[in-house]
Amino acid sequence: MAPQRLLLLFIFLFYFSSFPSTARFITGPSSPTDLVSDGISTVKNPPFLSLKPLFSAEESCEQTYGFLPCTTTVLGNLFLIIVYGYLMFLAATYLSNGSELLLEILGPGIVGGLFLPILGALPDAMLILVSGLSGTAETAQDQVSVGMGLLAGSTVMLLTVIWGSCVVVGRCDIRDSVAVDGTITKGFHLTETGVSTDIWTCYAASIMAISIIPFVIVQLPQVLNSTSGRHLAVLIALIISVSMLVSYCVYQVFQPWIQRRRLAFAKHKHVISGILRHLKKQAFGKLLTEDGEPNTEIIRKLFETIDENRDGHLSPSELKALIIGIRFEEIDFDKDDAVMKVMADFDTSLDSYIQEEEFVKGITKWINEAKQTGGAYLEPNAGTFKFIDQFHQQTKREHALLGSEEQSDEVVEHVENPRWISFKAVLMLLVGTLIAAAFADPLVDAVDNFSTATSIPSFFISFIALPLATNSSEAVSAIIFATRKKQRTASLTFSELYGAVTMNNVLCLSVFLALVYVRGLTWDFSSEVLVILIVCIVMGAFASFRTTFPLWTCSIAYILYPFSLALVYVLDYVFGWS
């Protein structure tokens, strides 16, 4: 109930602050003569009223929509920024909660892949849109820096402060280069505690790094000191950005299906490696000849061992007994499905039985595949080849990197009263969208007025303050989710962060580029683009090639945030970059 009460309080304050008010200086009576001064009427700027920029509202301001409050004072605009910022936070919260409810009903696929990323970036996109639609082209050019500040600030905050905080709160003990779920006995050890993610999180980081391509394209004319090609570069960057947005949404829609297929293939490879290890033990290490080739004579003897009824072929039941006897403790899989896939590999005659020759050819094929993957080298002091064990360890690692099947499962559990949940989800999405659309423009105006009153560039206000409003619900949920201290939750947390930045780089940038192109604005954001490129490339490259992040890695993220802010200030206001 707290958000609703605060909302009522803000509406109450809006109501009373919407009444027109005026302010004037207090002066004494007019002097009856020009020769004698009473010491009052001639003083036009009394020293005791020198705080006028902080408290006075003498200058006129234009009310948004004709009724929302406005002011020219510092404290007044600061209050409005807090109020409108809270309303944008409320909009983001409603959109996030409504999306999650809709996901419970309809599952991943189109909802999880298409609507959720777009709705998550909607508040930022709204603010960027209204910042470039305000008034004349000159006014829009002045206010569009608010949109660019928000875009850069959101990206930097998500990849630095929030990313580093998720590493800190989600850390577990690291053993064999992997964080152990729910185990934290080493406190804040910089190298022996940290978080681990799956391979899909690495893919999300790679996509995020690729999504900066439109920034590079739109910036090329300024790098080359060309003025004639700037408008064309904006158009090309816009087309590429929209194309990447569509491609990313399509990938998100089909990603659960791809993940399930990859996971099923990894499980099948693990079954293959487990059977080869079992046969190697049964053959007392003689499954291979001295030159590393499959020993067909030993393989035939193993066939006879598995063929319990001595009928000359292996039935599905005998194959299932073999798989059950191996006891795959590392992974959980459907035994019947594993039998079907092994039968498909071996049963070339399609008679639902594995003949002896088919068994020999199938095991030979598996050994050759393991040799290519695991590397054929001799085991020390044994004279036997160790690549089968290496192949088994690698398949275990691949399965762990792909994550659990729960993460990729599209089956939606039964939800009680789905009609009410659907209505509630749609209502929350509608309310969130309306709040974001209604108060984005007043927030941009308040930021612009506050910038004018304080002489602080509006970029820095939007870079620091606005992302706290539009991304706070997402940030808090990510940090809370990371506290569960599991690889699966860590993978989902960091994937959502990378996905949010990707949507900033494609959806929000598409809106921004469309405004610049349609309204004929000037692309004048070299330092801001440089900051986005540096942060995305550093964190994207960092997260694309590793799945375990020790605690010390959070220091890189934390350092990048003040570095980004200082870099923009130095380039814009010391060297005069544009």
Side-chain angles (χ1 to χ4, degrees), residues 92 113-114 116-129 131-132 144-163 201-220 233-252 255 459 462-463 466-467 470-471 474-475 478 494-517 523 525-544 557 560-561 564 568:
L114 184 60
L116 259 63
I118 292 178
L119 290 173
L122 186 61
D124 287 2
M126 286 285 187
L127 284 169
I128 292 172
L129 182 64
S131 69
V144 81
S145 61
V146 175
M148 175 52 72
L150 173 64
L151 180 59
S154 296
T155 296
V156 172
M157 187 185 75
L158 289 171
L159 290 181
T160 57
V161 178
I162 307 304
W163 192 96
T201 310
C202 293
Y203 296 159
S206 300
I207 293 173
M208 178 194 70
I210 294 173
S211 66
I212 63 173
I213 291 177
F215 283 106
V216 177
I217 294 174
V218 75
Q219 198 62 32
L220 279 177
V234 171
L235 178 60
I236 295 174
L238 174 60
I239 294 173
I240 294 177
S241 182
V242 172
S243 302
M244 294 180 72
L245 172 62
V246 174
S247 301
Y248 180 69
C249 290
V250 171
Y251 168 77
Q252 288 290 90
Q255 192 263 357
F459 170 83
S462 56
F463 184 93
L466 294 191
T470 58
N471 295 292
E474 189 175 34
F494 287 102
S495 294
E496 287 182 0
L497 292 180
Y498 302 145
V501 174
T502 302
M503 291 305 293
N504 279 347
N505 292 346
V506 291
L507 175 61
C508 296
L509 180 63
S510 296
V511 174
F512 199 92
L513 291 172
L515 285 172
V516 172
Y517 183 79
W523 182 267
F525 308 102
S526 298
S527 56
E528 292 86 347
V529 170
L530 179 61
V531 165
I532 294 175
L533 293 180
I534 290 175
V535 174
C536 287
I537 290 175
V538 170
M539 299 304 295
F542 194 52
S544 297
L560 276 176
Y561 186 79
S564 303
V568 173

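We find the CD1-OH distance between I210 and Y248 to be 12.0 Å, quoted to the nearest 0.5 Å. For the atom pair SG (C508) and CG (L129), the distance works out to 10.5 Å, reported to the nearest 0.5 Å. Atom CD1 in I207 sits 11.5 Å away from atom SG in C202 (nearest 0.5 Å). Within the model, atoms CG of L509 and CD1 of I212 stand 11.5 Å from one another, a figure rounded to the nearest 0.5 Å. Rounded to the nearest 0.5 angstrom, S145 OG and L150 CG are separated by 11.5 Å. To the nearest 0.5 Å, atoms CG (L159) and CD1 (I534) are separated by 13.0 Å.
Taking the side chain as every heavy atom from C-beta outward, V156 and F463 approach each other to under 4.5 Å. Side chains of L151 and I128 form a contact here, defined as non-hydrogen atoms less than 4.5 Å apart. Put simply, the side chain of V535 does not reach to within 4.5 Å of the side chain of Y561, judged on heavy atoms.
Closest approach of V568 to V531, counting heavy atoms only: CG2-CG2, 3.2 Å. Among all heavy-atom pairs drawn from S462 and G149, the shortest one is OG-CA, 3.3 Å.
By the ring pair (Phe, Tyr, Trp, His ring centres under 6.0 Å) test, F215 pairs with no residue at all, sequence neighbours left out.
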Enumerate donor-acceptor pairs with a distance under 3.5 Å from any side-chain N or O in residues 498-506 to protein atoms, sequence neighbours excluded.
| residue | atom | partner | partner atom | Å |
| --- | --- | --- | --- | --- |
| Y498 | OH | W163 | NE1 | 2.9 |
| T502 | OG1 | Y498 | O | 2.8 |
| N505 | ND2 | S211 | OG | 3.0 |

Report all side-chain donor-acceptor pairs from residues 536-544 shorter than 3.5 Å, counting only partners two or more places apart or in another chain.
| residue | atom | partner | partner atom | Å |
| --- | --- | --- | --- | --- |
| S544 | OG | S206 | N | 3.3 |
| S544 | OG | S206 | OG | 3.1 |
| S544 | OG | G540 | O | 2.5 |

Q.
Go through it in stages, so that I can follow the logic: the residues are V144 and F525, the test is side-chain contact (heavy atoms from CB on, under 4.5 Å), and I'd like the CA-CA distance, side-chain angles, deciding distance and then a yes or no.
A. CA-CA 10 Å; V144 81; F525 308 102; 3.6 Å; yes

(Q) Please evaluate residues L515 and F512 with respect to the criterion side-chain contact (heavy atoms from CB on, under 4.5 Å), reporting the C-alpha separation (whole Å), side-chain torsions for both, the decisive distance (0.1 Å), and the verdict. (A) CA-CA 5 Å; L515 285 172; F512 199 92; 5.5 Å; no

**Q.** Stepwise side-chain contact (heavy atoms from CB on, under 4.5 Å) test for T160 and S564
**A.** CA-CA 10 Å; T160 57; S564 303; 5.5 Å; no

Q: Test V242 against L238 for side-chain contact (heavy atoms from CB on, under 4.5 Å), laying out the working first.
A: CA-CA 6 Å; V242 172; L238 174 60; 4.0 Å; yes

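Outside the 6.0 Å centre-distance limit, the rings of Y203 and Y251 are not counted as a close aromatic pair.
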